[in-house]
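Have a look at the structure below before the remarks.
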Amino acid sequence: MNRDFFDRSVHEVARELIGCELRVGPTAGVIVETEAYEENDPACHAYIGRTTRNEVLFGPPGHAYVYLSYGIHSLLNFVTESEGSASAVLIRALEPTDGIELMRERRGRDEIEQLCSGPGKLSEALGVDLSLNGADLLAPPFELVEREGEFEITASPRIGITKAADLPWRYCVAGSRFVSRPWPSAASSVVGHAA
DNA sequence: CAGTGGATGCTCT
DNA sequence: GAGCATCCACTGT
């Protein structure tokens, strides 16, 4: 995967990431759930302007934006189209494929559905923390592999936010049991197929 | 199952 | 000092 992959609309990147493999060191999984956060979006950290916390969002695309949520969880985002638009994709869930035993140790859980089914869980399982804020996604410990096969993608409202909560900017693999939460069937719609 | 509340720390006002 | 892009354990059906 190259830098151009990230240098386009955050919504396009959020959908294209579905089905890609994300590797962090010895652990890896297939991305099954993402959310888009664009600069002119009250729920986006960049909305309030540039601060010390969110400055990575204003930097070049293809880098990791990691921040601490609720004082406990590190949440992993991919910076996109940053030329004049500080936007990012939140990685919300993976289907684990490699390093599963290590993930189990880090998570303290055995069930494979409980290893990466949420942004906080996923970071813990992959060993992502604040030290990776600003890190290049195209260099170790990160590795991203373009998807193989087809995925039916649904769009539904984002999770856990209060601002702009009605926008359908959460993307999931249809029918996956590895997503953080089931989507509301009435609000979801198939938005595309992955090649 | 569904609903509730505590843990925990950093950022911004 | 308030407010979080969360998770888990506990309660009550």
Side-chain angles (χ1 to χ4, degrees), chain A residues 6 9-11 13-15 17-18 22 24 27 29 31-59 61 63-82 85-96 103-135 137 154-172 177-188:
Chain A
F6 299 98
S9 140
V10 66
H11 302 286
V13 176
R15 287 191 295 264
L17 279 170
I18 296 290
L22 167 63
V24 183
T27 54
I31 298 172
V32 298
E33 180 177 350
T34 62
E35 283 179 0
Y37 287 85
E38 57 169 63
E39 184 173 10
N40 289 64
D41 164 11
C44 182
H45 287 179
Y47 184 75
I48 59 173
R50 190 171 186 148
T51 67
T52 27
R53 175 172 70 154
N54 68 26
E55 64 181 353
V56 171
L57 290 173
F58 294 81
H63 289 254
Y65 170 52
V66 184
Y67 76 96
L68 201 59
S69 179
Y70 293 94
I72 300 176
H73 305 288
S74 299
L75 269 51
L76 174 63
N77 301 253
F78 294 171
V79 177
T80 65
E81 44 151 2
S82 58
S85 174
S87 308
V89 177
L90 171 66
I91 310 301
R92 285 194 55 92
L94 305 180
E95 176 174 345
M103 291 186 189
R104 286 191 169 118
E105 288 174 26
R106 286 168 168 169
R107 293 273 302 121
R109 298 218 157 204
D110 284 339
E111 319 91 295
I112 195 165
E113 297 89 348
Q114 291 301 320
L115 298 179
C116 297
S117 55
K121 299 177 183 180
L122 167 164
S123 293
E124 186 175 32
L126 298 182
V128 170
D129 61 22
L130 292 179
S131 68
L132 288 172
N133 186 35
L137 295 170
T154 64
S156 52
R158 294 176 292 182
I159 307 265
I161 57 173
T162 54
K163 291 168 274 193
D166 54 326
L167 298 172
W169 290 352
R170 174 189 183 218
Y171 303 103
C172 296
R177 73 184 208 273
F178 295 95
V179 299
S180 63
R181 289 160 47 172
W183 48 86
S185 54
S188 75

Given A:Leu90, which of A:Thr34, A:Ile159, A:Asn77 fulfils the side-chain contact (heavy atoms from CB on, under 4.5 Å) condition? A:Asn77
When you measure from the side chain of A:Arg92 to the backbone of A:Pro119, do you find a donor-acceptor pair of N or O atoms at a distance under 3.5 Å? no
Short side-chain to backbone donor-acceptor contact, A:Thr27 and A:Val24, under 3.5 Å: yes
For the backbone of A:Ala125 and the side chain of A:Arg106, can you confirm whether one donor and one acceptor N or O come within less than 3.5 Å of each other? yes
Checking A:Leu126 against A:Met103 for the side-chain contact (heavy atoms from CB on, under 4.5 Å) test, could you report, in this order, the C-alpha distance in whole Å, the side-chain angles of both residues, the deciding distance, and whether it holds? CA-CA 7 Å; A:Leu126 298 182; A:Met103 291 186 189; 3.8 Å; yes
Within the structure shown, what part of the strands sits under 4.0 Å from A:Arg170 by heavy-atom distance: base, sugar-phosphate, or nothing? nothing
Just by modelled atom types, is the A:His11 backbone N or O under 3.5 Å from a matching donor or acceptor in the A:Ser9 side chain? yes
Check whether any side-chain heavy atom of A:Tyr65 lies under 4.5 Å from a side-chain heavy atom of A:Arg53, and answer yes or no. yes
If you measure from the Lys or Arg side-chain nitrogens to the Asp or Glu carboxylate oxygens, is any gap between A:Glu124 and A:Arg107 under 4.0 Å? yes
Between A:Asn133 and A:Leu130 (side chain of the first, backbone of the second, donor and acceptor by atom type, cut-off under 3.5 Å), is there such a pair? no
Residue whose closest nucleotide on DNA chain C lies nearer the 5' end, A:Arg109 versus A:Leu75: A:Leu75
Specify the separation, in whole Å, of atom NE2 of A:His73 and atom P of B:dG6. 16 Å
Identify the 5'-most and 3'-most nucleotides of DNA chain C with at least one atom closer than 4.0 Å to a non-hydrogen atom of chain A. C:dC4 to C:dA9
Here the distance between atom P of B:dC12 and atom CD of A:Glu55, to the nearest Å, is 10 Å
For DNA chain C, just give me the dot-bracket, please: Watson-Crick or G-U, both distances below 3.5 Å, ( ) intra-strand, [ ] crossing earlier pairs, | paired with another strand, . unpaired. ||||.|||||||.
Scan A:Ser180 against the nucleic acid and name what it touches under 4.0 Å (heavy atoms): base, sugar-phosphate only, or nothing. nothing
When all nucleic acid strands are considered with a 4.0 Å heavy-atom cut-off, which category describes A:Arg181: base, sugar-phosphate, or nothing? nothing
Result for 5'-nearest mapping on DNA chain C, choosing between A:Gly120 and A:Thr162, is A:Thr162
Using whole Å, report how far OH of A:Tyr67 lies from P of B:dT11. 13 Å
Report which part of the nucleic acid A:Asn54 touches: base, sugar-phosphate, or nothing (heavy-atom distance under 4.0 Å, all strands). nothing
Name the residue closer to the 5' end of DNA chain B, choosing between A:Tyr70 and A:Arg50 according to the nucleotide with the nearest heavy atom. A:Tyr70
